[in-house]
Amino acid sequence: MNLMLVGMPGIGKTAIVESIFGDGLVKILVSTMLEEDVGGLPYREGSVERRTQPKFIRELHEKSERNEKTCLFLDELDKARQEVADTLLTLIQSRRINEWHLPDNCQIIAAANPPEFGGGNGISEPMHSRFSIINWLPDPVKWAEWCVGKYPHAVDIAEAVRLGQIPIYDRVGNGLDTRTTCPRTLEMAILAEDCPLATRVDKIKGLLTPQTASYFVEQSDAEKQARQIISHQRLGEVLRL
């Protein structure tokens with residue numbers, strides 16, 4: 001059964017599919033594709049018109065031959081151009097395009113944003129009917145467990161998310177004034193560092209909603225104070241020597 005994960009940008013739709021399938025995943029960013037990327041480049045062989053093998057189908061067969069469970073991941077399907085969506089519909093309903101077919105062990109999974117976030121012509125009625133639609137919501141507890149495993153130094157942030165002190169998803173503002181707290185921006189804030197153009201705090205304020213950014217800033221101030229205390233302690237030790 002084909003699955004479509006529908007949810008706000010940045011909540012981990014792509015990340016969860018990548019974590020499940022690993023090296024067996026072939027991801028295509030549908031919003032950037034042309035029809036030839038899906039159907040292959042046309043060429044003539046005598047009087048017969050043929051199509052080259054699409055790159056993603058070749059990659060899937062290479063992975064399948066290594067006995068891997070494979071997945072064709074159609075990211076941002078809702079933003080597909082009309083001609084791309086039409087060709088993908090043929091692929092999804094028949095599991096083949098022209099003379100090329102998907103491996104038997106290949107799962108088809110798509111990701112899409114809700115309609116209010118705009119898009120192209122990717123999700124027509126026929127396309128919609130060929131997927132089981134999963135409304136994807138991030139889990140604060142699971143995200144916190146993942147965060148501690150990947151970023152042990154951010155245990156305070158992970159615990160705040162787990163306890164609901166930091167929302168796993170929040171959005172305020174409009175246009176370029178929009179600030180979003182979500183798994184993607186939380187990870188970016190954890191990784192933020194000073195640079196010639198902006199301090200770590202400025203970067204965090206530009207990423208997250210004000211409420212969440214203030215929590216990170218408080219953490220930064222606490223870390224700064226702790227470093228100052230340690231620095232003063234070491235200076236005192238040097239002076240005593």
Side-chain angles (χ1 to χ4, degrees), residues 1-136 182-184 188:
M1 182 181 294
N2 305 324
L3 301 178
M4 184 186 299
L5 307 182
V6 178
M8 304 293 189
I11 62 173
K13 301 186 295 294
T14 300
I16 190 65
V17 177
E18 290 175 340
S19 71
I20 292 171
F21 289 93
D23 291 338
L25 181 75
V26 172
K27 170 186 168 183
I28 57 177
L29 188 60
V30 178
S31 59
T32 66
M33 298 187 78
L34 301 175
E35 191 278 332
E36 291 81 3
D37 297 323
V38 180
L41 291 168
Y43 70 96
R44 297 194 72 83
E45 197 172 82
S47 60
V48 179
E49 183 175 299
R50 298 189 181 278
R51 292 273 190 140
T52 59
Q53 185 181 40
K55 180 182 176 183
F56 68 90
I57 289 186
R58 182 174 67 252
E59 291 176 348
L60 284 167
H61 278 282
E62 289 172 353
K63 293 175 183 295
S64 179
E65 288 168 3
R66 297 196 292 268
N67 296 319
E68 296 176 1
K69 184 177 181 181
T70 59
C71 173
L72 174 61
F73 182 49
L74 308 173
D75 201 9
E76 296 188 355
L77 180 60
D78 54 305
K79 295 178 173 60
R81 296 178 174 90
Q82 184 65 64
E83 65 275 12
V84 173
D86 291 343
T87 306
L88 279 172
L89 180 60
T90 300
L91 173 67
I92 290 165
Q93 68 184 1
S94 64
R95 294 182 61 86
R96 65 182 300 122
I97 191 74
N98 299 313
E99 60 187 288
W100 313 108
H101 63 87
L102 297 177
D104 293 338
N105 66 349
C106 179
Q107 168 86 54
I108 299 177
I109 299 179
N113 295 322
E116 59 266 29
F117 283 88
N121 302 301
I123 314 296
S124 62
E125 286 282 345
M127 182 74 80
H128 188 285
S129 68
R130 285 174 170 80
F131 285 90
S132 174
I133 309 299
I134 309 296
N135 292 316
W136 188 254
C182 64
R184 180 187 298 162
M188 292 170 69

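Numbers here are sequence positions counted from 1. Values in this document were obtained by computation on a predicted structure and should not be read as measured data.
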[X] side chain vs [Y] backbone, donor-acceptor pair below 3.5 Å:
X      : Y      : value
Asn98  : Gly40  : no
Gln107 : Met1   : yes
Arg95  : Cys106 : yes
Arg81  : Met33  : yes
Thr52  : Leu41  : yes

Practice task
Kindly indicate whether the side chain of Val30, heavy atoms from C-beta on, has any atom under 4.5 Å from the side chain of Lys79.
Solution key: no
Problem - Student check: side-chain heavy atoms of Ile108 and Arg130 closer than 4.5 Å - result: no
Exercise for the section: Answer yes when Glu36 and Lys55 have at least one side-chain N-carboxylate O distance shorter than 4.0 Å, and no when they do not. Expected result: no
Problem - side chain to side chain contact (heavy atoms under 4.5 Å, CB included) against Ala110, all qualifying residues, sequence neighbours excluded - result: Met4, Leu74, Leu77, Phe131
Handout entry: Trp136 atom CH2: more than 12 heavy-atom contacts under 6.0 Å
Key = no
Problem - salt bridge (charged side-chain N to carboxylate O under 4.0 Å, His left out) against Arg58, all qualifying residues, sequence neighbours excluded - result: none
Practice task
List in chain and number order the residues that pass salt bridge (charged side-chain N to carboxylate O under 4.0 Å, His left out) with Asp75, two or more places apart in sequence or in another chain; answer none if no residue qualifies.
Solution key: Lys27
Where at least one partner belongs to [range], residue pairs that pass ring pair (Phe, Tyr, Trp, His ring centres under 6.0 Å), sequence neighbours excluded:
range          : result
residues 45-66 : His61-His101
residues 22-44 : none
residues 15-38 : none

Handout entry: Rounded distance (nearest 0.5 Å) linking atom CG of Leu25 with atom OG1 of Thr70
Key = 9.5 Å
